[in-house]
2 protein chains.
Amino acid sequence: MDSPLLLDRLLQIADLFQRDMAREYDGTPLSPARMGVLWTIHHSGPVQQHTIAAALNVTPRNITGLVDALEAVGYVERIPDPTDRRARLVGLTPQGHELMERTVREHAALNATLLASVRAADRDRVEVAIAAIADRLAQLVSEAAKADKARAS
Amino acid sequence: MDSPLLLDRLLQIADLFQRDMAREYDGTPLSPARMGVLWTIHHSGPVQQHTIAAALNVTPRNITGLVDALEAVGYVERIPDPTDRRARLVGLTPQGHELMERTVREHAALNATLLASVRAADRDRVEVAIAAIADRLAQLVSEAAKADKARAS
DNA sequence: TATTGTTATACTCTATAACTATA
DNA sequence: TATAGTTATAGAGTATAACAATA
């Protein structure tokens, strides 16, 4: 009897997150890509658009569209960068701050719910293990990307 | 000191999978969506397109395009359904079978690598815990989707 | 009537390339 | 020259709606 691999379970979790976000944002002006922009600004404060592009690993052209949409519905605003007249800083509006604070609270609640499904005696070990898996995977992905770049040259 | 939540680590893993797949399929005729079709057929054998659509939770219209692309590069073929002249069964070609077998082997190797980053004594407990988290999350997503549907009526 | 798959159309996210304003 | 951001254009994935063929 094949029990699913650990990897299959992790892929299942990834798929469930994606599906749930798509459902949650359906009918709203938000989307996973737009939330990515909001998270970046939430963590860093007002930033130039090319910084957001680098953080999300997409082209600056993309950020133009995402910020346009977020600005149109009032979650972010572009303000002139006092140190560089080419650039504009993107910051959260009060409405954007409120959204992100609510989202942080929802994350904490979901975190608690998921952790509750793990035996109390195992929780610390499981948290350590999942962090180790994430770090190992990040390392593998980074190495693969580097190898790709080397091959392209 | 905020250590990242378990949830943040799981979201990070989800993002890394997504990023790595995008990188891996870059420059090939494959993509995450097309691989989804191939996995479905790999697990079930030749199936009607609307069955694939239901399995992936997308519209049948989508499957037309994905199967068109996979057929054009030789991974799948459409054959008449002997039991229903409206439908066509989509099955893997020998080339498609070979691709999926290779992919299964790569998954097993990645699974072993990730598991190796967990302390040997904790592995069983971690596998059980991640399975429990995945099941709990699946339950939450399913309930949320049901609540949405009820609200829409 | 209902179902299977397609054509037609549109929206989001993504990319590259060419351009502007500034550094 | 190089950088920050935009306009122009294109491709993939998704959706709805209307339609053909068949059940």
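Residue numbering restarts at 1 for every chain, and letters A, B, ... go by the order of the sequence lines. Both backbone and side-chain heavy atoms feed into the values below; hydrogens, waters and symmetry mates do not.
Note on B:Asn62: a side-chain N or O is less than 4.0 Å away from OP1 or OP2 of D:dT14. The phosphate of D:dT3 has neither OP1 nor OP2 within less than 4.0 Å of any side-chain N or O from A:His50. When the side-chain nitrogen and oxygen atoms of A:Ser31 are compared with OP1 and OP2 of C:dT12, none of them lie within a distance under 4.0 Å. Phosphate proximity of D:dA21 to B:Arg85: absent, as no side-chain N or O sits under 4.0 Å from OP1 or OP2. Residue B:Thr59 places at least one side-chain N or O under 4.0 Å from the OP1 or OP2 atom of D:dA15.
With contacts defined as side-chain heavy-atom distances shorter than 4.5 Å, the pair A:Val126/A:Arg119 does not qualify.
Distance, A:Ile79 CD1 to D:dG5 C1': 16 Å, rounded to whole Å. Taking atom CE on B:Met21 and atom P on D:dG13, their separation rounds to 12 Å, with Å as the unit. Going from atom CG of A:Leu56 over to atom P of C:dA15 covers 10 Å, rounded to whole Å. Rounded to whole Å, the distance from CD on B:Gln48 to P on D:dT22 is 15 Å. When the C1' atom of C:dC13 is taken as reference, atom CG of A:Asp68 falls 14 Å away, rounded to whole Å. In this structure, CZ of A:Arg61 is placed 17 Å from P of D:dA4, rounded to the nearest angstrom. Following rounding to the nearest Å, A:Asp81 (CG) and D:dG5 (C1') show an atom-to-atom distance of 12 Å. Rounding to whole angstrom units, CZ of residue A:Arg78 and C1' of D:dA4 are separated by 12 Å.
Salt bridge B:Arg23/B:Asp20: present, at least one basic N to carboxylate O contact under 4.0 Å. Ionic pairing of B:Arg19 and B:Asp15 is present here: one or more N-O contacts between side-chain nitrogen and carboxylate oxygen are shorter than 4.0 angstrom. The pair B:Asp68-B:Arg34 fails the salt-bridge criterion, with no side-chain N (NZ, NE, NH1 or NH2) lying under 4.0 Å from an Asp/Glu carboxylate O.
Heavy-atom distances to DNA chain D give each of A:Gln49 and B:Pro32 a nearest nucleotide, and the one nearer the 5′ end belongs to A:Gln49. Each of B:Leu89 and A:Leu30 has a nearest nucleotide on DNA chain C; the 5'-most of these lies closest to B:Leu89.
Using a 4.0 Å heavy-atom distance criterion, A:Leu66 is classed as a sugar-phosphate-only contact.
If you check D:dT3, D:dA21, C:dT14 against the side chain of B:Arg86, the one that comes closest is D:dA21. In the set D:dA12, C:dA23, C:dT4, C:dA23 carries the atom at the smallest distance from any side-chain atom of A:Asp84.
Proximity of a side-chain donor or acceptor of B:Glu71 to a complementary backbone N or O of B:Arg78 within less than 3.5 Å is detected.
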